[in-house]
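Written out below as C-alpha cells is the structure these notes cover.
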2 protein chains.
Amino acid sequence: MDNTMRKPPRNRRKMQSVTMSDVAELANVSPSTVSLFLRKPEAVSAAASQAISRAIDKLNYVPNLMAGGLAAASSRAVSILVPSVRNAFFAETVSSMQTALKKQRLQLILGHTEYDEQEEEELVRMALSWAPAAIVLTGLSHSAATRRLLANVAIPVIEIWELGGPQIDAAIGFHHDQVGIAAAEHLIRQDRRNLLFLGARMHQDRRARQRCNGFLQAAKATGAAAKVVEHPDTASAEIGAMLLAEALRLHPEADGIACSNDHIALGVLFACERQKIAVPDRLAVIGFGDLSFSAACNPPLTTIRPSGDLIGREAARLIEEHLHGEKADAHRTIDTRFTLQHRRSS
Amino acid sequence: MDNTMRKPPRNRRKMQSVTMSDVAELANVSPSTVSLFLRKPEAVSAAASQAISRAIDKLNYVPNLMAGGLAAASSRAVSILVPSVRNAFFAETVSSMQTALKKQRLQLILGHTEYDEQEEEELVRMALSWAPAAIVLTGLSHSAATRRLLANVAIPVIEIWELGGPQIDAAIGFHHDQVGIAAAEHLIRQDRRNLLFLGARMHQDRRARQRCNGFLQAAKATGAAAKVVEHPDTASAEIGAMLLAEALRLHPEADGIACSNDHIALGVLFACERQKIAVPDRLAVIGFGDLSFSAACNPPLTTIRPSGDLIGREAARLIEEHLHGEKADAHRTIDTRFTLQHRRSS
DNA sequence: CTGAAAGCGCTAACAC
DNA sequence: GTGTTAGCGCTTTCAG
C-alpha cells in the first residue's frame, strides 16, 4: 500500500477563527499550558501567564465550551425547568439563581414545562443532552420516565419549590400545606369562622392545591367552616374578582378568605372596593406571594411570603459544593420556609 | 521502534453510558447511518430506520449535543440576554420565544444584564463560547467591545424591544418615543393641558426614558405643559404612590398623568383612592404595559400595550429562517408596534 | 442508501 | 511547571 498516494484532506469549514492553539503559538507555549492557565491560573508560571494573557487579548480569543465540555465530560451549563418564567415566583428563583451561578461561570439553560409532566420529560431529555453540571426541576411530581432518566445521573438533581414527598436527589423549598395551615390559623385568630379558599388553576398547580388542602384541614381541625371556590384559568386579578362574586353568591356568610396567590387576592380587594364590602371588617383577606403590589394596595394585603429568592441561592450553593467536590449527602432537603406578612386586609 | 511494547491506554472516565456507536452496533448499521437518521430520517431506508428506532428506545439513548455541536460547528442553543426576567415584559418575550423555538429543538440560554453594558459584554462573550445558533440582545445600546464581538459572527444577532437607532444586524420591537407621543396625544384629546410623566429607574432604563422624551416632545408640540417626576428605583406600586404624592406637591395643577409603566400607574391609582382624588375626573391616568392587573383595577387602567409576545415569536421566526438557509437580508427591522387600550382611568 | 475516515477544539493523564 | 498524547461523541465529506 502506498501511503504517499493518499488523497489530500477534505475541506472542512472552520468553526472558529481563533483557537487555543493559536493562542499557544503566539504565546510560545503548548496548548495544554493555555488550557491549564484558563482553568487553574495559579498553576502556571508568571511569565507564561503573562504571555498567554497578552495573546488572548490580542487575538480576542473566546474558548469553545462545546469542545471543553466534550473533553471534560461535563459542561458549564445548568438546566432549570420551571412551569413558566411568566410566573413571578419562578422568575424570582431563576433570576437569583442566575446571579449566584454567574460567579462560577455557569450558564442557565431554561425550559418551560407549562405544568405538563410529558413536556417536562421531553425537556429533561433535551437537558441531559447538554451534559449539564446540574439539573433543576420544579416540584416533586414527575413522570415515571423522567424519574428513570434522572435516577442514575452523576450530577446533582435538585427539585425546588416543593417539600414533603419522595425526592429524586436534593430538594429545596417549603411545605405548601403548611402555608395553607398558617393562612387558616391566621384567619381563625382574627375570629373568622366562615372560611373560604379561592383558587386558580388548581387542577394543574399541585402546590396551590396543597395550600388549599392544608387550609381546609386546619379549618376543620378547629371546627371552622371552610369552602373552596375555584377557576380553571391562570391566576389574575380579573379571575380573583370573578371568584369573589361567585363565592359570595354561594356562601354569603363568609367572613375570611384565603387566596391561592396575591393576583387572586388583589382581584378580591378590587371587587370588594367596587361593591363597598369592608375589608377587613366584613371580610378578612389573605394572599400568597407578597408580590410587588401587595404592600401598596388598599388595604395593604396580608399575605404569606415564600422564599423564591432563597430557593435560587440555595440551589446555586448546592451546585457549587458539588462542583468543588464536596460529596454532599444525597437526598438533602432544605426547608426555606415562608413568613406571614400581617397587613391591614385581615 | 516496537509498537507492541506500547503502554496500555490511560483511564478516562466515560462521559456517557450509551453512545451513538452503541446504537449503531445494536441496530447493525454504522454510526454515520444513525447520525443521518437522527438528522434526516427520510434519507434512511425504512428497514434501517426501524432497527435504529428500536435500538434507541431499547438503550434509552440520549444524543450528546456537545459532541454534535462541536462537529457541526454550531449548537442547538440560542442565547438570550435581557435586563431581567423578573420584569414581566422580558419574561413574556422569553417565554413566547422559548415556546416557538422548541419546535426546532433549540434551547434557550438565558443571561441577565441588569441594565449594565459591562455585564452584557461579559455575557456576550460567554454566550459566544457556546457557538449558539443565534444571539438575542435587549435594546440597541451596547458597549463598543460588544459591538466588536458581534460584528463578524456568522449567526443572526437580534436586538429586541427597541427600534430607532443603529442596529448590529436584525432588530425587532417598536419605537418607545412613539409610545410617549401616543400617551400625550391621548391625554390631550381628553382635554388635559397640565401633563405629568412619572418615571422609575429612568437613568438605567433607556426605553422608559425614550417614552418620557416622546411624551414631553408631543406635549410641547401642542402647547401643553409637561413635567417629569422620577424615582431611581425599580418600578413598583409603592413607588408609584410616592411619585404621585410628590408630583401633586410640586405640580398641584396637573390633570393628566402618564406613567413609565403599569406598576407605577397602579400605585398612582391606589394613592388617588386613598386621597379621594377622582380618576379620571380630576386626574386622567395612562400607563404602559397592560399588565395582568391593569384591566381589573379601579378604575380600569388606560394603558399602552406593547407586543412582548410577538417580539419573541418574530425573533424565533427569524432564527428558523436562518437555520433553513434562507439568507434573509441583513439589518432587517420588524416593527411590532403597540396598541392603546382605552379604559376608564382617562 | 450506507459506511469509512477524518477531524471539530479542548481536557487530562502522564512523562519529563 | 510544561509538553505530549490520546481521545470525548458526533458530523460530514466522499466512495462505494
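Lettering of chains follows the sequences in order, A, B, ..., and the numbering in each one begins at 1.
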field: Sidechain N-carboxylate O distance under 4.0 Å for A:E122, A:R125
entry: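 No.
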Rounded to the nearest Å, what distance is computed from the [atom1] atom of residue [X] to the [atom2] atom of nucleotide [N]?
X	N	atom1	atom2	answer
B:K40	C:dT2	NZ	C1'	14 Å
B:L38	D:dC10	CG	C1'	10 Å
B:L65	D:dC10	CG	C1'	10 Å
A:D22	C:dG9	CG	P	9 Å
B:N64	D:dT11	CG	P	9 Å
A:R76	C:dC10	CZ	P	15 Å
A:L70	D:dG9	CG	P	7 Å
B:F37	C:dT2	CZ	P	11 Å

- prompt: What are the residues of residues 23-33 of chain A, sorted by number, that bring a heavy atom to within less than 4.0 Å of DNA chain C?
  reply: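 By residue number: A:S32.
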message: Let's see if you get this right: which residues in residues 46-59 of chain A place a heavy atom under 4.0 Å from DNA chain C?
response: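 The answer is none.
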Among [options], which nucleotide sits nearest the side chain of [X]?
X	options	result
A:M20	C:dG9, C:dT11, D:dC10	C:dT11
B:T19	D:dG9, C:dG9, D:dT12	D:dG9
A:A67	D:dC10, D:dT12, C:dG9	C:dG9

task: Go through the structure and list residues passing salt bridge (charged side-chain N to carboxylate O under 4.0 Å, His left out) with B:R76, not counting sequence neighbours.
output: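 Here no residue qualifies.
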Under the salt bridge (charged side-chain N to carboxylate O under 4.0 Å, His left out) test, residues paired with B:E162 that sit two or more places apart: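 For B:E162, the residues satisfying salt bridge (charged side-chain N to carboxylate O under 4.0 Å, His left out) (neighbours in sequence not counted) are B:R206, B:R207.
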Could you pull out all residues at least two apart from [X] that satisfy side chain to side chain donor-acceptor pair (under 3.5 Å)?
X	result
A:S95	B:R86
A:Q50	none
A:S35	A:R39
A:Q167	A:T333

- prompt: A:H112 and A:E119: side-chain donor and acceptor closer than 3.5 Å?
  reply: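 Their side chains do not contain a donor-acceptor pair, so the 3.5 Å distance test is not met.
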message: Is the ring pair A:W161/A:F89 parallel, tilted or perpendicular, if the boundaries are 30 and 60 degrees?
response: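 A:W161 and A:F89: tilted rings.
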Cut-off 3.5 Å, no hydrogens considered: what does the side-chain donor-acceptor table look like for residues 146-154 of chain A, sequence neighbours left out?
residue	atom	partner	partner atom	Å
A:T146	OG1	A:S143	OG	2.8
A:R147	NH2	A:L140	O	2.8

Check: residues 25-34 of chain A side-chain donor-acceptor pairs under 3.5 Å, at least two apart:
residue	atom	partner	partner atom	Å
A:S30	OG	A:S32	N	3.4
A:S30	OG	A:S32	OG	3.0
A:S30	OG	A:T33	N	3.4
A:S30	OG	A:T33	OG1	3.2

message: What contact category does B:L36 fall into here, base, sugar-phosphate, or nothing, at under 4.0 angstrom with non-hydrogen atoms?
response: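 If one applies the 4.0 Å heavy-atom cut-off, B:L36 turns out to touch a base.
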field: N or O in side chain of B:R39 less than 4.0 angstrom from D:dC10 OP1/OP2
entry: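 No, because none of the side-chain N or O atoms of B:R39 sits under 4.0 Å from OP1 or OP2 of D:dC10.
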- prompt: Are OP1 or OP2 of C:dC1 and a side-chain N or O of B:S45 less than 4.0 angstrom apart?
  reply: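 For C:dC1, neither OP1 nor OP2 has a side-chain N or O of B:S45 closer than 4.0 Å.
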Can you give the donor-acceptor pairs under 3.5 Å from side chains of residues 103-111 of chain A to other protein atoms, not counting sequence neighbours?
none

query: Using the C1' atoms of five pairs at each end, what's the angle between the two axes of the helix from C:dC1-D:dG16 to C:dC16-D:dG1, to 10 degrees?
result: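 So the angle between the two local helix axes works out to 20°.
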